[in-house]
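Working notes, beginning with the structure itself.
Proteins come first, then strands; the chains are lettered A, B, ... in the order of their sequence lines, and each starts at number 1.
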There are 2 protein chains.
Amino acid sequence: MPQRQLAAALNIDTATYCKIEKGERKARREQVEAIAYVLNTDEKELIKLWLADKVYEMVSGESNVQDILNIVNEKILKYGQNI
Amino acid sequence: MPQRQLAAALNIDTATYCKIEKGERKARREQVEAIAYVLNTDEKELIKLWLADKVYEMVSGESNVQDILNIVNEKILKYGQNI
DNA sequence: CGTAAATTTGCCAAGAAATGTCAAGACGTG
DNA sequence: CACGTCTTGACATTTCTTGGCAAATTTACG
């Protein structure tokens with residue numbers, strides 16, 4: 001499937017899509033959803049990967065990342081944001 | 001210690017500091033560091049909490065947060081960003 | 001109560017960052 | 001070479017972040 005089609009599905013220029021595909025740009029949520037739809041893949045899975053990526057980018061390069069993730073985990077447990 | 005002093009230490013308006021303290025604004029990294037310094041607390045700990053907060057904000061409200069955290073964890077292990 | 005200090009809130013503006021487009025060039029293939 | 005596709009870089013646009021100001025509210029205390 002040519003980028004042209006994907007790009008069209010996302011309402012963006014092929015140039016932009018290209019960058020997203022190459023990881024030079026972050027997709028936005030709606031775009032991830034649209035991609036899941038067009039490619040007929042599991043949207044939730046894709047969103048998870050996309051979020052994991054964002055989190056990774058936020059914490060990579062830090063020290064004690066495990067600690068940070070643990071703290072987050074505790075907060076999740078505590079406030080029961082698990083849906 | 002009055003907000004006025006903290007605010008002064010961060011070179012910002014008390015109003016702005018107030019928002020940060022109430023969680024209506026995110027502090028920026030340098031500000032967290034400055035706070036640690038002024039309050040004479042462990043900077044690394046504070047930064048960890050601050051980052052955990054940011055991550056939490058990013059994922060709370062999502063489903064399967066644990067999955068997401070796991071994925072991140074794997075990436076960390078894989079690419080050895082643990083400093 | 002009355003006053004002053006401290007905190008909070010709402011709103012706006014400047015700047016930074018993210019996202020997008022365009023035009024030109026690179027790459028592959030008939 | 002000619003075509004379609006993909007990539008790149010410079011620049012435009014949109015969106016988010018940050019901070020200030022002024023006014024409102026709360027708190028402290030005589």
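- When heavy atoms are screened at a 4.0 angstrom cut-off, Gln5(A) is found touching no nucleic acid atom at all.
- Looking at residues two or more places apart in sequence or on another chain, you find no salt bridge (charged side-chain N to carboxylate O under 4.0 Å, His left out) involving Lys54(A).
- Distance check: Arg28(A) CZ to Ile20(A) CD1 gives 9.0 Å after rounding to the nearest 0.5 Å.
- Applying the side chain to side chain donor-acceptor pair (under 3.5 Å) test to Gln31(A) and every residue at least two apart in sequence or in another chain returns nothing.
- Under the side chain to side chain donor-acceptor pair (under 3.5 Å) criterion, Asp53(B) pairs with Lys75(A), not counting sequence neighbours.
- If you walk DNA chain D from 5' to 3' and mark each nucleotide with an atom closer than 4.0 Å to a heavy atom of chain A, the marks span dT5(D) to dA10(D).
- Regarding Glu30(A), its CD atom lies at a distance of 13 Å from the C1' atom of dG20(C), rounded to whole Å.
- dG20(C) atom P lies 14 Å from atom CG of Leu6(A), rounded to whole Å.
- The stretch residues 19-28 of chain B touches DNA chain C through Lys19(B), Lys22(B), Glu24(B), each having a heavy atom under 4.0 angstrom from the strand.
- Across Gln3(B) and Cys18(B), no two heavy atoms sit closer than the pair OE1-CB, 3.7 Å.
- When all heavy atoms of Ala52(B) and Val72(A) are compared, the pair lying nearest together is O-CG2, 3.5 Å.
- Shown here are the salt bridge (charged side-chain N to carboxylate O under 4.0 Å, His left out) partners of Glu74(B), two or more places apart in sequence or in another chain: there are none.
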Donor-acceptor list for residues 44-51 of chain A side chains, cut-off 3.5 Å, not counting sequence neighbours:
residue: Glu45(A); atom: OE2; partner: Lys48(A); partner atom: NZ; Å: 3.2
residue: Lys48(A); atom: NZ; partner: Asp67(B); partner atom: OD2; Å: 2.4
residue: Trp50(A); atom: NE1; partner: Ala27(A); partner atom: O; Å: 3.0

Below 3.5 Å, can you tabulate the donor-acceptor pairs from side chains in residues 4-16 of chain A to any protein atom, sequence neighbours excluded?
residue: Asp13(A); atom: OD1; partner: Ala15(A); partner atom: N; Å: 2.8

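- Inter-residue side-chain proximity for Gln66(B) and Asn73(A) is flagged as met; some heavy-atom pair is nearer than 4.5 Å.
- With the end axes of the helix from dC1(C)-dG30(D) to dG30(C)-dC1(D) each set by five pairs, the angle from one to the other reads 30° at 10° resolution.
- The interatomic distance linking Asp13(B) (CG) with dC12(C) (C1') rounds to 14 Å, in whole Å.
- Among pairs with a residue in residues 33-42 of chain A, those fulfilling salt bridge (Lys or Arg N to Asp or Glu O under 4.0 Å) read Arg29(A)-Glu33(A), at least two apart in sequence or across chains.
- Close to dT19(C), at under 4.0 Å from its OP1 or OP2, lies no side-chain N or O of Thr16(A).
- Whole-Å rounding puts the Leu10(A) CG to dG20(C) P distance at 9 Å.
- As rounded to whole Å, 17 Å separates atom C1' of dA14(C) from atom CD1 of Ile12(B).
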